[in-house]
Amino acid sequence: MYRTLTCNDLTEKNVGDEVTLSGWVNRRRDHGGVIFIDLRDRYGLTQVVSHPENHPEAHGAMDKVRSEFVIQIKGKVIARPEGQTNNNIDTGKIEVEVSELNVLNTAKTPPFEIDQDKDVNEELRLKYRYLDLRRKRLSGNIVLRHQMTKYIRDFFDKEDFIEVETPILIKGTPEGSREYIVPSRIYPGTFYVLPQSPQQLKQLLMVAGFDKYMQIARCFRDEDQRGDRQPEFTQLDIEMSFVEMEDVMSVNERALIGLTEKFAPNKKIKETPFPVLTYDQAMNRYGSDKPDLRFDMEFTDVTDIAKGCDFSVFKSVAESGGIVKALRVEGGGKFTRKEIDELTEVAKIYKAKGLAYIIVEKDELRSPIVKFFKEEEMNEIMSRTGAKEGDIIFFSADKFHIACESLGYVRLAVAKKLDMIDPDLFAYCWVIDFPMFEKDEETGGLAAVHHPFTAPKDIKEFEENPETSVANAYDVALNGNEIGGGSIRIHDEKTQKKVFSVLGISDEDASQRFGHMLEAFQFGAPPHGGIAWGIDRIVMLFANEPNIREVIAFPKDQKAKDLMLGAPSPMPDKQLEELCIKVDIEEEE
Ligand code: ASP
């Protein structure tokens, strides 16, 4: 038997017991004759000690082992001498006096220290992921992830949801993102794709009568790796029949509250029921469709004032259908020129042309733009924003989206700068009433904001003015991160066809790509809707980690590479021949 207990089991109650433990040498210390080893396994650490005179052979072996050797020890549990106990670990009151030591495997010196939580170059961590996973931080995250997904499964099981596995090799039917394709050997020249989400399959499960479906599902998207994305990621995928938006939101809200209470007990949920904002409200007030509500700082609209003023930048924007938003920052009057320049740069990243400001001082308003406003206009700005001495007001003037979004990022940067964010707060909110469509910058046509299966909120409005219609869609955000999104779906062929046509998908194309959906809708499809949560992002927020790679056992790097396995990699010619694939790329210099 390799072990009788784990490295986290022994307490004072075991003093006198003979035990066998197996694990890794976390650290070895030679105190002039007496040698200590911290033996580590997944569960914890146990201190092992040897005295040269007691068991000379075991002591000799203790002398030879090195960090990360895998060893088995046998020995007697003894109480640690007074003053040498360690309250930071569960086994801190005892140690094991070794009588026998067997080396189960040796280890090279690891490329970074496993026993310490030091910053290590990420490339190295990803290349030796199996070593990084030995470290407490990562192993803790993976265990947390397991517990959270188990909680989610149990929660939805109690609510009568059935977990159904959907296929990974499916038909190429892009919903919006680029898909990974997999060549078929049996049918050369044809391809499967990896699902960007089980969207269509879960809807077909509703047609099949499953009523409440869930899956912890892997999704694949062949996108440019901007920001914190992974080519494959995990969703909690949900679909329900005979539901309205509120029904989907309610069960999901309960699940999120339960999850928070259990796995983030030190976080206070700012508001329950979660506040619900329309997309327009969220953009108008916070400049984001996933607003961070841990702090207030709402925008004020001053477009009407701007229309009458003499500041040509504001005036022309306001007169040409754009908007002018103001952001009052309490205590921001102390910002230096350099800080204001930095915030201006933030606004510019999001396409703003600049960031006007007014600093409110005791007897004057300090700003290059004040002179263009009449006194009553300035008074109105002061009273609307509520600005007082010591504050600064920032302004953005542009088309709706740019003005809101750029000022939204200024709002976030300011909150960080002024330490306005309570780290112990979880501020959830729902954002609803998204537009159905947006302009696709690449094609110039319309694209679905959510996906093409989302139902319009008001069918009449959609039929009359599809381009500007509102979707029956909802997102859930946590502390400024989108953690989930879903919608009520179309369940009739006619509306679905119309959405395809608004998206510029011809009837022929639609029936080729989505014929299975259109046909299924003719066989008694129930009204249905669903949602998906980004599991990686949620675990990241619960684990207080800065990116999702820290909560994924084997992530790709930010350029979509698996540095441990060395993927992607070229394939042998023979395999490519079988698939009738010819690779035609210029050799890189
Ligand atoms: N399939 C959607 C997504 O992956 C979620 C949903 O609508 O349920 O974003």
Side-chain angles (χ1 to χ4, degrees), residues 152 156 161 163-168 170-180 193-207 210-223 228-241 243-253 255-256 279 289-290 430-438 447-457 470-478 481-491 495-496 499 503 514 517 525-538 548:
I152 291 168
F156 284 97
F161 285 73
E163 179 156 20
V164 183
E165 289 177 74
T166 51
I168 293 296
I170 62 166
K171 179 184 157 85
T173 56
E175 287 156 24
S177 315
R178 193 182 295 114
E179 297 162 324
Y180 279 97
V193 308
L194 307 183
Q196 54 185 281
S197 89
Q199 183 60 38
Q200 298 172 47
L201 293 149
K202 67 175 173 174
Q203 288 191 240
L204 294 169
L205 283 169
M206 295 303 108
V207 182
F210 275 96
D211 184 53
K212 289 180 179 180
Y213 144 94
M214 63 84 60
Q215 183 181 190
I216 302 288
R218 193 64 65 81
C219 305
F220 307 84
R221 296 185 189 172
D222 187 4
E223 296 292 298
D228 188 17
R229 291 199 187 160
Q230 285 280 309
E232 53 181 305
F233 58 93
T234 306
Q235 284 187 346
L236 161 64
D237 200 39
I238 284 182
E239 199 70 7
M240 303 162 78
S241 289
V243 286
E244 290 170 338
M245 175 179 89
E246 290 76 10
D247 302 309
V248 181
M249 284 160 72
S250 152
V251 66
N252 279 276
E253 186 160 326
L256 285 167
Y279 170 80
D289 59 4
K290 43 180 189 307
W430 290 101
V431 179
I432 62 168
D433 292 358
F434 283 83
M436 279 286 279
F437 306 103
E438 66 191 349
V449 168
H450 193 49
H451 54 58
F453 309 105
T454 293
K457 191 133 191 167
V470 172
N472 204 347
Y474 32 80
D475 274 4
V476 57
L478 167 57
N481 297 272
E482 184 198 323
I483 56 165
S487 60
I488 296 300
R489 326 296 186 190
I490 297 164
H491 64 280
T495 314
Q496 189 63 72
V499 167
L503 291 171
F514 302 108
M517 297 295 283
H528 60 285
I531 192 168
W533 301 3
I535 291 291
D536 309 291
R537 184 135 297 132
I538 293 178
I548 61 173

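Every number for a ligand or one of its atoms is a count from 1 in the order of the listing. Throughout, residue positions are numbered sequentially from 1 according to the sequence presented.
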**Q** Please list, in number order, the atoms of ligand 1 under 4.0 Å from a heavy atom of Ile531.
**A** 8 (O)
**Q** Measure the NZ-CG distance between Lys171 and Leu201 for me, rounded to the nearest 0.5 Å.
**A** 12.5 Å
**Q** Below a 4.0 angstrom heavy-atom separation, can you tell me which part of Gln235, side chain or backbone, both or neither, approaches ligand 1?
**A** side chain
**Q** Answer with side chain, backbone, both or neither: which part of Arg489 has a heavy atom less than 4.0 angstrom from an atom of ligand 1?
**A** side chain
**Q** Parallel under 30°, tilted from 30 to 60°, perpendicular over 60°: which one fits the rings of Phe434 and Tyr279?
**A** tilted
**Q** Between CZ of Arg537 and CZ of Arg229, what distance do you get to the nearest 0.5 Å?
**A** 9.0 Å
**Q** Which of the numbered atoms in ligand 1 are below 4.0 angstrom from a heavy atom of Arg221?
**A** 3 (C), 4 (O)
**Q** Report yes if some N/O of Glu239 lies less than 3.5 Å from some N/O of ligand 1; otherwise report no.
**A** no
**Q** Record the part of Ser197 in heavy-atom contact with ligand 1 below 4.0 Å; permitted values are side chain, backbone, both and neither.
**A** side chain
**Q** Which atoms from ligand 1 have a heavy atom of Gly486 less than 4.0 Å away?
**A** 6 (C), 7 (O)
**Q** Counting from 1, what ligand 1 atoms have a heavy atom of Lys202 closer than 4.0 Å?
**A** 6 (C), 8 (O)
**Q** Considering residues at least two apart in sequence or located in another chain, which fulfil the side-chain contact (heavy atoms from CB on, under 4.5 Å) criterion with Glu163?
**A** Arg153, Met214, Gln215, Ile216
**Q** Quick check for you: to the nearest 0.5 Å, what is the distance between Ile531 atom CD1 and Asn252 atom CG?
**A** 4.5 Å
**Q** Under 4.0 Å between a Lys/Arg side-chain N and an Asp/Glu carboxylate O for Asp475 and Lys290?
**A** no
**Q** Could you say whether the N/O atoms of Ser487 and ligand 1 ever approach to under 3.5 Å?
**A** no
**Q** Side chain, backbone, both or neither: which part of Gln200 comes within less than 4.0 Å of ligand 1 when only heavy atoms are counted?
**A** neither
**Q** If you round to the nearest 0.5 Å, how far is CG of Asp228 from CZ of Phe233?
**A** 12.0 Å
**Q** Can you list the atoms of ligand 1 that are under 4.0 Å from a heavy atom of Gln199?
**A** 1 (N), 2 (C), 5 (C), 6 (C), 7 (O), 8 (O)
**Q** Does Phe210 CZ have over 12 foreign heavy atoms under 6.0 Å away?
**A** no
**Q** Select one of side chain, backbone, both or neither to describe which atoms of His450 lie under 4.0 Å from any atom of ligand 1, heavy atoms only.
**A** side chain
